Each structure stands twice: as structure tokens, then as C-alpha cells.
S.K.: 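The structure's right below; bear with me while I get my questions together.
Keep in mind the model is a prediction, meaning the values are calculated, not measured. As the structure lists them, so they are numbered: ligands from 1, and atoms in each ligand from 1. What you see below is based on every heavy atom in this structure, not just the backbone, and it leaves out hydrogens, waters and symmetry mates.
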Amino acid sequence: MDSGPYPQSEADRQAIAEAAALLREGSTVAFPTETVYGLGADAGSTAAVEAVFAAKGRPSDNPLIVHIARRSDLEGLVTEVHPSAAALIDAFWPGPLTVVLPVRPGVLSPLVTAGLDTVGVRMPDHPLALALIRAAGCPVAAPSANRSGRPSPTLAAHVLEDLAGYIGGVLDGGAAGVGLESTVVQVQPDGTALVLRPGGITAEQLAAVLGPGAVAAAPAAAVDDAAGSGGMSTEPAEAPAAASAQSPGAAQAAGDSSPAPRAPGMKYTHYAPRGALGVVRGASARGVAEAAAGLLQAAQRAGEITGLLLFEEHKALYPAGAAACIVSLGSLASPEEGARSLYAALRRFDEAGATYILAEACPDTGLGAAIMNRLMKASGGTVIDAG
Ligand code: TXA
Ligand code: MG
């Protein structure tokens with residue numbers, strides 16, 4: 001694959017050479033991809049990969065994605081590529097698609113795969129990322145470059161907010177274009193693709209390659225039951241009793257007897273702002289706005305610092321000053337905009353000191369599925385049904 005015109009400037013070349021040297025020395029480097037910033041390490045070095053887990057505070061049972069710069073690098077990492085997986089790779093690499101494949105023993109640090117016999121691999125569609133991986137000369141294990149549980153970074157500044165002092169360096173490539181992580185898929189023996197994590201490549205795009213009916217959402221991928229953050233513990237007394245832990249999608253709620261999620265990371269609370277977050281959904285935008293405005297007002301009276309995440313076309317449905325901090329995800333008609341700005345929006349609520357945040361739900365189709373997945377996880381599954 002051609003990585004395009006980069007690196008163009010001498011400064012770029014220098015920065016890439018320095019970052020690659022850090023990776024070869026076994027240090028960690030954050031770098032831009034088209035989805036979010038990653039925190040990279042030599043995937044063959046257990047000490048380097050350990051440093052990634054330590055910097056993030058990441059549980060060791062959550063495997064890392066391995067990033068490569070050439071299609072031919074895949075052969076050394078895996079034992080087999082199902083024809084359907086190959087078709088997806090041909091269609092979407094470089095790009096926001098991670099494919100889980102049987103790992104070749106002895107090549108990667110066992111920490112990368114968290115003891116699984118599979119590895120998630122992707123080729124990022126970002127010239128700096130591709131140039132860095134090539135210059136490092138090794139497969140690069142990289143989770144998103146945030147502290148575990150925090151929103152993923154879409155700017156170098158976000159990386160530093162979370163990880164300054166804990167990592168070897170950051171390669172600054174400006175704002176990430178997609179804004180949400182890659183879609184993680186695992187092709188089943190029958191050729192069906194199981195979506196373990198919705199992301200930058202939509203289920204509709206996958207189905208266009210594999211055929212309708214050949215793409216399925218993994219069970220138990222939407223809601224986690226991790227203790228701690230995310231719960232709406234500060235709901236004002238007037239909160240509707242209908243708040244439930246049910247995902248709006250087809251995925252099952254936590255606590256059922258479904259098998260363990262296959263993307264181990266999906267069981268943790270993720271992407272969360274510091275304040276409590278609830279997702280408000282309902283049949284009409286007006287009903288959602290009325291319910292949200294009422295809850296926010298009550299919360300404000302109870303001393304909360306309120307936040308509201310909405311779509312541009314619904315702004316007029318709220319009273320002036322509906323929340324202390326109001327952030328728009330842009331138009332519902334262009335979910336790319338919402339995807340791109342979601343994590344920065346969640347960080348904005350932190351900057352504003354928001355303690356009680358409500359987010360409007362969006363339709364669960366196309367990129368909206370990934371947005372809803374992240375909102376559901378950020379909220380710990382707190383949904384308010386406006387009716
Ligand atoms: O867009 C992205 O994918 C970003 C950029 C940096 O490439 N990376 C990223 O990594 O989001 P991370 O570690 O935050 O998320 C990786 C996800 C986790 O949910 C993990 O459980 C899953 O991929 N995963 C990794 N290896 C897996 C495997 N062998 N089987 C199943 N799931 C796997
Ligand atoms: Mg992550």
C-alpha cells in the first residue's frame with residue numbers, strides 16, 4: 001500500500017525517525033491514526049507491551065490490536081485468513097477495520113493477545129502511522145492512547161492530558177478523522193462476520209462485501225456490568241423510574257447468561273466522562289427534549305453542574321440555558337460529524353466540571369450504531385426512556 005505523499009516535511013521525517021527509534025528501543029509512542037490516537041509498542045517485546053498496559057492502567061486480560069503497514073506483514077502474524085476475512089481486508093485496508101485471526105505462535109508477546117489464540121490486526125489509513133510502522137520495522141501493538149476507561153484521544157493534547165509522564169513521546173498529526181475506533185470483526189468458519197465492536201466501518205459496509213445476512217452483532221457487546229464509574233448515582237428525585245440498563249439495540253443487557261464477550265475489552269466501562277451520564281431516547285425529538293430539559297432543571301436545582309449532548313437540529317427544542325454546558329454533535333444527517341466530535345465532547349464536559357450529563361440517543365444504523373455503542377458504554381447502560 002502506498003502511504004501517500006507523507007512524510008512531506010523535514011520536521012515530519014525527523015519526528016517519525018525519533019518515534020521509530022523509541023519503538024525499537026522498547027519504549028512507547030503515541031501516534032495518530034484515522035480513528036483515534038494509539039499508544040504504540042513493539043508487539044514482539046513483552047517489556048514494551050507491559051509499559052503500554054502500565055501507562056494506561058489497562059487490565060491485562062484485554063488484548064491489544066496489532067498495527068501493520070503492508071498487507072504482506074499479515075502472513076508472519078497469523079496462521080490462516082478465511083476468504084471472507086480476506087475479502088474484508090481487500091475492501092477496507094488501509095482503514096478502520098480490525099480483523100481477528102488465528103495468531104501464529106511465538107511471534108508476538110503473549111501479553112498482546114492476553115492469552116487468546118487469536119490476534120486483532122489492522123492497517124491504519126493514516127500516512128504518519130504507516131510511515132512510523134515502516135520505520136520501526138516491527139508490528140506495532142497499540143490500544144487507544146487514553147487512560148483505561150477515559151474517552152479515546154482524537155488530538156495529541158488529549159493523549160498528554162491522560163498520559164504525560166507515562167509514555168516515551170507523542171507524534172502529533174492533528175485531529176483524528178473518524179473519531180471513533182475501528183470496527184472489530186471475527187469471521188466465523190461459515191464465512192459470517194461477527195461484529196465484536198462497531199466502529200468506523202459500518203455493518204452496512206461489511207454486508208455490501210459479504211452479502212446481506214452475512215454480518216451479525218456479537219451478543220453481549222453493548223452493555224457492560226463493570227462496577228464503579230458510569231452509573232447515574234446522582235439522579236434527582238424527579239427522574240423517571242423507567243431508567244433501565246437495556247440497550248436500545250438488539251444486544252442483550254448485562255447480567256444474562258450469554259457467553260463471554262469475544263472482544264474482551266467490551267466488558268469494561270469505557271469512554272466515560274467524569275460526571276454521571278445518561279442517554280435519553282424516545283419516539284419523538286420533542287419528547288426527548290422535554291424529558292431531558294426537566295431532568296436537567298431538577299439536577300441543577302439539586303446542585304449538579306449539568307451537561308447536555310444534543311444534535312444540532314434539536315437545539316431549538318430546549319429552553320435557553322437548559323444545561324450549564326451544551327455540546328452539539330452536529331447534524332443527525334451527518335453522523336460522521338458526530339463520530340468525529342464525540343470523544344472531544346465528552347472531554348469538554350470534564351473541563352466544564354459537569355457532574356450530571358444527558359445525551360440524546362441517535363438512530364442505531366450506519367455510523368450511528370458506533371456512536372450509540374460508545375454512548376451506552378460511557379453511560380454504563382443508563383437509559384432514560386422519554387416514552
Ligand atoms: O481504532 C482502533 O482500533 C484504535 C487505534 C489506535 O487503532 N485502537 C483501539 O484499541 O481501539 P483498544 O485497545 O482501545 O481496543 C481494542 C479492542 C478491545 O475491545 C479488545 O478487546 C479487542 O479490540 N480485541 C483485541 N484483540 C482481540 C482478539 N484477539 N479477539 C477479540 N477482541 C480483540
Ligand atoms: Mg480503547
S.K.: Has Arg286 got more than 12 heavy atoms of other residues, nucleotides or ligands less than 6.0 Å from its CZ?
M.R.: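 Not buried by this count: 12 neighbours or fewer within 6.0 Å.
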S.K.: Enumerate the residue pairs fulfilling salt bridge (Lys or Arg N to Asp or Glu O under 4.0 Å) with a member in residues 167-178, sequence neighbours excluded, ordered by first and then second residue.
M.R.: none
S.K.: Dump the intermediate steps for side-chain contact (heavy atoms from CB on, under 4.5 Å) on Leu111 and Phe53, then the final yes or no.
M.R.: CA-CA 9 Å; Leu111 292 185; Phe53 279 92; 4.3 Å; yes
S.K.: Would you please name every residue forming a salt bridge (Lys or Arg N to Asp or Glu O under 4.0 Å) with Asp162, sequence neighbours left out?
M.R.: Arg150, Arg347
S.K.: Should you measure from each heavy atom of Thr118, which atoms of ligand 1 turn up under 4.0 Å away?
M.R.: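 Under 4.0 Å from Thr118, ligand 1 has these atoms: 28 (C), 29 (N), 30 (N).
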S.K.: Does ligand 1 have any atom that is closer than 4.0 Å to a heavy atom of Gln186?
M.R.: no
S.K.: What about Glu181: any of its N or O atoms under 3.5 Å from an N or O on ligand 1?
M.R.: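 No: no nitrogen or oxygen of Glu181 is under 3.5 Å from one in ligand 1.
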S.K.: Taking only heavy atoms of Leu116 into account, list the atoms of ligand 1 that are under 4.0 Å away from them.
M.R.: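 Selected atoms, number and element: 28 (C), 29 (N), 30 (N).
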S.K.: Mark up the atoms of ligand 1 that fall under 4.0 Å of a heavy atom belonging to Leu196, in ascending order.
M.R.: 31 (C)
S.K.: Assess the side chains of Thr35 and Ser182: does a donor N or O sit below 3.5 Å from an acceptor N or O?
M.R.: no
S.K.: Under a 4.0 angstrom heavy-atom cut-off, which atoms of ligand 1 come close to Gly120?
M.R.: 26 (N), 29 (N)
S.K.: Can you find an N or O of Arg122 that's nearer than 3.5 Å to an N or O of ligand 1?
M.R.: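 It does: an N or O of Arg122 is found under 3.5 Å from an N or O of ligand 1.
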S.K.: Could you tell me whether the side chains of Gln186 and Thr118 share a donor-acceptor contact shorter than 3.5 Å?
M.R.: no
S.K.: If you take the nearest heavy atom of each of Pro63, Gly38, Gly95, which one is closest to atom 27 (C) of ligand 1?
M.R.: Pro63
S.K.: Side chain or backbone of Val119 under 4.0 Å from ligand 1, or both, or neither, by non-hydrogen atoms?
M.R.: backbone
S.K.: With no hydrogens and no angle check, do the side chains of Tyr318 and Glu290 hold a donor and an acceptor under 3.5 Å apart?
M.R.: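 Absent: no donor and acceptor within the cut-off.
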S.K.: For atom 8 (N) of ligand 1, which of the options Gly199, Pro59, Ala142 provides the nearest non-hydrogen atom?
M.R.: Ala142
S.K.: Would you check if the distance from the ring center of Tyr37 to the ring center of Phe31 is below 6.0 Å?
M.R.: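 Ring centres of Phe31 and Tyr37 not closer than 6.0 Å.
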S.K.: Determine how many protein N/O/S atoms sit closer than 2.8 Å to the Mg ion (ligand 2), leaving waters out since they are not shown.
M.R.: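 Protein N, O or S neighbours of the Mg ion (ligand 2) under 2.8 Å, waters not counted, come to 1.
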S.K.: Working note: Ser328 + Glu312, criterion side-chain hydrogen bond (donor to acceptor under 3.5 Å, both in side chains); need CA distance, chi angles, decisive distance, verdict.
M.R.: CA-CA 6 Å; Ser328 167; Glu312 196 60 30; 2.6 Å; yes
S.K.: Could you pull out every donor-acceptor pair under 3.5 Å between side chains of residues 203-216 and any protein atom, sequence neighbours left out?
M.R.:
residue, atom, partner, partner atom, Å
Glu204, OE1, Gly366, N, 3.4
Glu204, OE2, Gly366, N, 2.9
Gln205, OE1, Thr202, N, 2.8
Gln205, OE1, Thr202, OG1, 3.4

S.K.: Under a 4.0 Å heavy-atom limit, does Arg58 contact ligand 1 with its side chain, its backbone, both, or neither?
M.R.: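 Side chain only; the backbone of Arg58 stays clear of ligand 1.
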